[in-house]
Each structure stands twice: as C-alpha cells, then as structure tokens.
Amino acid sequence: MLAPRIRITQPCPIEGGYRTGMSVTDSTDRTESDLVAARRAKLARWRDELGIDPWGSRVDDLLALAAARALFDEAAADAMDAETPPETDPRPRAVVAGRVVQHRAMGKLCFMVLRDESGDLQISCSKAELETASFKLASKVDYGDIIVAEGPVGRTKRGEVCIWADRFEVHCKSLAPPPEKYHGLTDAEQRYRRRYVDMYANPETMQTFHRRSEIVSAIRRFMEDHGFLEVETPMMQAVAGGAAAKPFTTHHNALGLDLFLRIAPELYLKRLLVGGMRKVFEINRNFRNEGIDRSHNPEFTMMEAYQAFGDCESVLELTESLLRSLAGGVVSFGDLEIDYDPPFDRIAYGELFERTHGCSIFDEQAIHALAKKKGMTLDPNANHWLLVEGMFDEAEDAIDPSRPTFVTDFPAPLSPLSRPHADNPDLAWRAELFIAGMELGNFYTELNDPDIQRARFTEQLNGITDEDAAFRTLDEDFLEALLVGMPPAGGFGIGIDRIVMLLTGQTSIRDVVLFPLLRPAGGEEDS
RNA sequence: GAUCGCGUAGCUCAGUCGGUAGAGCAACCGCCUUUUAAGCGGUAGGUCCUGGGUUCGAGCCCCAGCGCGAUCACCA
C-alpha cells in the first residue's frame with residue numbers, strides 16, 4: 001500500500017500502487033518514490049505517446065544470449081565491413097530477451113547490454129535501422145527493464161559481438177530502482193532479502209544456483225544408475241524421530257493433532273526396506289529448530305539412502321564414488337585444496353579422541369577427570385558417553401580439513417540406530433564424513449534387531465530433560481515394523497547444501513540456499 | 001544465547017578534533033552514430049537504523065533497542 005506521503009509527479013495510471021520488497025518505513029518509501037515515480041512517468045509516456053504495452057507478451061523462437069552470441073560468424077561480419085557489402089545480409093539473425101544491465105545512449109546510436117541466465121550480450125541500436133518509436137524506446141530504457149530485440153548478430157567497430165537491432169520492444173517495465181550497475185548488490189542482508197535482485201545483479205549468484213541444480217540432478221542420476229529408487233516420505237510426523245534435534249511444531253486442525261516437521265526421514269525410509277524396497281533414497285528438506293550459522297540453516301536438504309544387504313562399508317564406498325564423480329578431482333574451497341580422489345582418509349573415533357585428549361574413550365575415570373578439568377558443566381551422574389561426546393568436538397578439529405575423512409567406529413551409546421560391533425558392543429558400525437571442518441554425512445550398518453532397538457530407544461529416553469521429553473517419544477510403529485523384519489542394510493545421509501558449498505566454493509550455507517531464513521524485515525514485534 | 005564489528009541518498013561508499021551532509025553510479029533536463037562502469041554541461045535527491053542521554057552544539061561520545069555479519073556456544 002502506498003504511504004500517504006508519497007509524492008507522485010505524474011498521474012499514476014496503475015492502480016494498486018507499488019510496494020518495495022524492503023523496509024516499509026515511511027522514510028524508505030518516500031525517498032524511493034521519487035525514483036519510482038520517474039519510472040512510472042516514463043511508463044505512462046510510453047503508453048500515451050508511443051502506444052506501447054509495457055508488460056509484454058509471448059515471444060517465440062527466443063535464443064539464450066549465449067546461444068545468440070555463438071551464432072556470430074566472422075566471415076559474414078567481414079563481408080558486411082567490406083567496401084561493397086553483399087546485397088543480402090549474410091549475418092545470422094537472432095531474437096533475444098534480457099534485462100538491461102548497461103545502457104549507453106549517444107544521440108542517434110545507442111548500446112545496451114542485456115543479461116539473461118546464460119550471460120550478457122550487447123544490443124546495438126542505430127536510429128537508421130529502427131522505427132522511430134522503437135529507437136526512442138531503445139534510447140530511453142531504464143536499467144532493469146526487460147526487452148526483446150531482434151536483428152543480425154554482428155560486431156561493432158571495436159569488435160564487440162552484438163545484435164544490430166532492427167526490432168526493439170519493451171516486455172516488462174521495471175519500476176524499482178536497480179542496484180549500482182558496477183558493484184551490484186553487495187550488502188549481504190539485501191542480497192538474501194531481495195534474492196531476485198541479487199540473481200540478476202550478481203551473475204555469480206545465478207551461476208551458483210545453476211550449479212546447485214546440476215549437482216542435485218547429478219546425484220539423482222548417480223543414485224538411479226546404482227539401482228536406487230527415489231521416494232518421498234512424510235515431512236509432518238507425529239513422532240520426530242531419526243535424529244536428536246529439536247523439531248518445529250505444527251498442528252493439524254481437522255485431526256486436532258500436534259505434528260512435528262521432520263528432523264530426518266530415517267525411520268520412514270527403513271519402513272520401506274521392511275516393505276520390500278531394496279534400495280531407496282530421498283532428497284528433501286529436514287527442519288531443525290537450532291541455531292543459524294555459516295553451515296546451518298533451519299531447513300536444509302538431505303539425501304538419505306538405504307541399501308538392503310549392504311553395510312556401513314558399502315555405503316562409504318558408494319559415497320566416495322559419488323563425491324568423486326561430482327567433484328571430478330581437486331576442488332578449492334576457501335584456502336583449501338580438497339582432493340576427492342578415493343579412498344578418503346579414515347580414522348577410528350576412539351583413536352582420534354585419544355590422539356587429541358590423551359586418554360581412551362573407555363576410561364571412565366580419566367574422562368570424568370578431564371571433563372572436570374575442562375570445567376564442563378555436568379551433573380554428578382553425567383553419562384560417561386555424553387562426556388565423551390562433549391569432548392569430541394575438539395578432536396574433530398584435529399582432522400585435516402583438506403582431506404575428506406571418515407571417522408569410523410562411533411560409540412554405540414551415541415548411535416542408537418546403528419548396529420553394534422559383535423566383538424565390542426560399545427562400538428557401532430557408524431561413520432561420519434568430515435570435509436573442511438564440516439560434518440557432511442552419517443553412515444551406518446543399520447540396526448535391525450527389534451529388541452536391541454527398543455532397548456536403545458528406551459535408554460535414550462531415560463534421563464532426558466523435560467523440555468526434550470516434550471517431543472521425544474518412542475516410535476512404536478517403527479519398532480513394530482522391525483518386528484515384521486527389516487533386512488540387514490547399509491544407510492547414509494548427506495547434507496546436500498554442504499556438498500554444494502564445497503563444490504561451488506561458497507563458505508556460507510546462505511549462499512547456496514535461495515531464500516535462507518532471516519528475521520522478517522521491518523522490525524515489527526510480534527510477541 | 002555470548003562477544004566483537006557494521007548500519008549515512010535508490011545502489012556503492014567517504015565523512016578529520018563533536019561545529020550543523022559529501023562523492024561516484026542511478027534519476028531528471030540538454031548535447032552526442034561506435035560505446036564498453038561511455039563522455040560533457042546542468043538540476044534534484046538525506047528521519048545519518050530507532051529511542052533516550054551528555055553537550056551551547058551529536059552522523060561522530062554514552063546507554064538501551066532493532067537488523068545484518070563474524071567468532072563462539074548449541075546442533076547424536
């Protein structure tokens with residue numbers, strides 16, 4: 001809605017008014033309105049004086065700008081530059097569309113650069129080659145307008161490949177003031193809040209998200225090529241299982257039912273193994289009500305996959321092969337040069353721990369003493385394994401960030417969903433993959449003994465806080481499924497966003513998530 | 001949640017010792033047929049994040065808040 005103080009210098013033919021995607025404070029609206037008003041005025045003039053519909057229409061046979069550029073034919077361009085150019089123009093023709101990102105008008109000639117997903121291309125407009133109205137449009141378009149041009153693909157005297165337009169149309173008037181044409185939009189907050197501007201103003205952004213789509217697509221292909229079936233399991237769950245994170249809550253009115261957004265799909269995917277699917281995977285969102293930082297967004301994309309008659313080892317190898325195929329070798333990430341050639345490094349959890357802390361994960365007295373010394377807050381009957389877990393973060397830092405590394409043989413008490421070693425029930429067939437200091441994924445030989453599974457769940461529920469108890473309950477139906485019988489299996493989950501970060505060199509998850517979660521703009525308190 | 005940093009024109013940024021607001025781009029008017037962040041001349045554009053305080057005087061100093069970022073904590 002328009003703030004009452006907005007000044008409009010020309011009658012505004014558009015009803016409804018203009019709303020920025022930004023702050024709605026009066027000051028912003030008012031100062032912005034001068035620039036918006038100028039564009040509205042121009043739009044009205046085009047309508048009234050040139051009879052133009054500034055909102056465009058269908059255009060067939062459009063070429064991407066990169067494709068149009070690729071049509072450039074040097075011989076044809078040379079021929080046109082010759083003393084006596086051929087009677088019929090030998091240059092290939094193209095119809096293109098894009099957003100105006102540069103514009104240089106000089107009297108009877110004007111140049112502009114269009115941008116689309118594929119890249120940039122200059123459009124050159126000569127007054128001699130265009131209808132009067134079209135040339136007037138071309139010399140007056142604003143940064144941000146979306147235009148369609150058609151003509152021969154040639155070059156300028158300076159050798160710039162361009163389209164010499166003999167058709168020029170505006171297909172969408174941009175009313176919002178654009179960011180600075182050279183620096184683009186650099187303010188991180190504005191880039192996330194107005195991603196649609198970031199995407200066109202900063203080509204790297206567009207490139208990153210194209211790459212993300214290609215990566216996800218390649219992962220799908222890889223999994224399908226290995227015989228995995230893609231499935232979709234509930235995002236809304238009555239019991240938020242499969243991980244130990246805090247869930248978001250929601251409510252179904254008709255059923256009068258409180259539900260959780262899933263923190264993991266694991267318990268449902270395993271049910272599919274019980275049902276008889278042999279290899280399944282799911283790429284979808286998980287939701288965890290935890291902190292936000294460079295590697296955590298509350299909603300994030302995971303791939304989980306389960307392979308009946310596989311084990312932890314088989315899914316480790318599958319993942320090595322997957323990452324190798326995605327990365328293709330060495331990929332730099334920040335200061336790191338990460339080599340994805342398998343086999344990845346491996347180190348046992350206990351060994352890594354001992355290397356860092358100098359004591360065995362099994363030495364309860366030493367661990368307790370160490371925890372005390374580190375001033376870890378602990379109640380007197382603190383569980384030994386929770387202490388170990390608390391100290392493990394430090395050990396993670398000992399992993400070479402430039403080497404993809406599997407940490408294997410996690411403590412079974414910290415791995416309630418994985419199968420314990422036969423010769424040491426304190427260790428589980430579970431590994432985690434670390435790259436660049438980030439946890440990339442989890443790998444298991446799945447626990448399919450319903451009695452042990454019930455015992456693990458029950459242990460885990462003992463001694464949890466009241467807060468946690470509110471959403472951690474026993475998934476009886478899952479245990480029922482295990483009674484029906486799940487084949488032995490390997491399973492894993494990997495963070496897709498983090499893989500995209502690694503492969504695109506983005507060190508913040510917000511730069512690989514199109515719309516990362518931010519506090520709503522405007523500062524309106526809602527409590 | 002803690003600590004630190006940042007918040008000035010639509011955008012990108014200056015702003016000295018506390019002395020009353022600056023540039024470039026964008027916009028508007030004019031000139032220009034080979035520009036490449038085009039150029040030249042002119043005009044206009046500000047709740048200096050918000051609210052308090054100190055001061056004769058605050059963009060600048062102090063307090064509180066809001067937003068963003070970084071680090072840490074949390075996240076099997």
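Numbered from 1 within each chain, the chains take letters A, B, ... in sequence-line order.
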Salt bridge (Lys or Arg N to Asp or Glu O under 4.0 Å) against A:Glu396, all qualifying residues, sequence neighbours excluded = none

Can you find an N or O donor on one side and an acceptor on the other, under 3.5 Å apart, linking the side chain of A:Thr156 with the base of B:U36?
-> yes

Think A:Arg193 has a side-chain N or O under 4.0 angstrom from the OP1 or OP2 of B:G69?
-> no

Member of A:Arg498, A:Glu290, A:Arg288 meeting the side chain to side chain donor-acceptor pair (under 3.5 Å) criterion with A:His296 | A:Arg498

Residue pairs passing the salt bridge (Lys or Arg N to Asp or Glu O under 4.0 Å) test where at least one lies in residues 428-444 of chain A, sequence neighbours excluded | A:Arg430-A:Glu432

Counting N and O atoms only, with roles assigned by atom type, does the side chain of A:Arg419 sit under 3.5 Å from a partner on the main chain of A:Ala489, one being a donor and the other an acceptor?
-> no

Could you tell me whether the phosphate oxygens of B:C11, OP1 or OP2, come under 4.0 Å of any side-chain nitrogen or oxygen in A:Gln190?
-> no

Find which nucleotide of RNA chain B each of A:Phe410 and A:Lys108 is nearest to by heavy atoms, and output the residue with the more 5' nucleotide.
-> A:Lys108

What residues form a side-chain contact (heavy atoms from CB on, under 4.5 Å) with A:Pro298, not counting sequence neighbours?
-> A:Phe248, A:Ile292, A:Leu517

What residues, two or more places apart in sequence or in another chain, satisfy side-chain contact (heavy atoms from CB on, under 4.5 Å) together with A:Thr473?
-> A:Val239

Closest to the 5' end of RNA chain B, once A:Asp293 and A:Trp164 are matched to their nearest nucleotides, is A:Trp164

Please name all residues satisfying side-chain contact (heavy atoms from CB on, under 4.5 Å) with A:Gln453, sequence neighbours left out, ordered by chain then number.
-> A:Leu417, A:Leu447, A:Arg456, A:Phe457, A:Phe478, A:Leu479, A:Leu482

Provide the Watson-Crick or G-U wobble partner of B:G30, both distances under 3.5 Å; none if there is no partner.
-> B:C40

Round to the nearest Å and state the distance from A:Asn297 atom CG to B:G69 atom P.
-> 11 Å

According to a strict under-4.0 Å criterion, is A:Arg294 in side-chain N/O contact with OP1 or OP2 of B:U71?
-> yes

Could you list, one pair per line, each protein nitrogen or oxygen that sits under 3.5 Å from a nitrogen or oxygen of nucleotides 28-31 of chain B, together with the distance?
from, atom 1, to, atom 2, distance (Å)
B:C28, OP1, A:Lys42, NZ, 3.4

Kindly state which residues belonging to residues 424-436 of chain A come within less than 4.0 angstrom of RNA chain B, counting heavy atoms of the residue only, listed by number.
-> A:Arg430

Atom-to-atom span, CD of A:Glu389 to C1' of B:C74 - whole angstrom = 12 Å

Residue set satisfying ring-ring contact (aromatic ring centres under 6.0 Å, His included) with A:His357, at least two apart, ordered chain then number -> A:Phe353

Report yes if a side-chain nitrogen or oxygen of A:Thr186 is closer than 4.0 Å to either non-bridging phosphate oxygen (OP1 or OP2) of B:C13; otherwise report no.
-> yes

For A:Gln506, side-chain contact (heavy atoms from CB on, under 4.5 Å) partners two or more places apart = A:Thr208, A:Thr504, A:Asp511, A:Val512

Listed pairs, N/O of protein and of nucleotides 22-25 of chain B, under 3.5 Å:
from, atom 1, to, atom 2, distance (Å)
B:C25, O3', A:Lys181, NZ, 3.2

For B:U20, the Watson-Crick or wobble counterpart (both distances under 3.5 Å) = none

Salt bridge (Lys or Arg N to Asp or Glu O under 4.0 Å) partners of residues 125-135 of chain A, not counting sequence neighbours, each pair once | none

State whether A:Arg519 places a side-chain N or O below 4.0 Å from either non-bridging phosphate oxygen (OP1 or OP2) of B:C68.
-> yes

Listed by chain and number, what are the salt bridge (Lys or Arg N to Asp or Glu O under 4.0 Å) partners of A:Glu299, not counting sequence neighbours?
-> A:Arg285

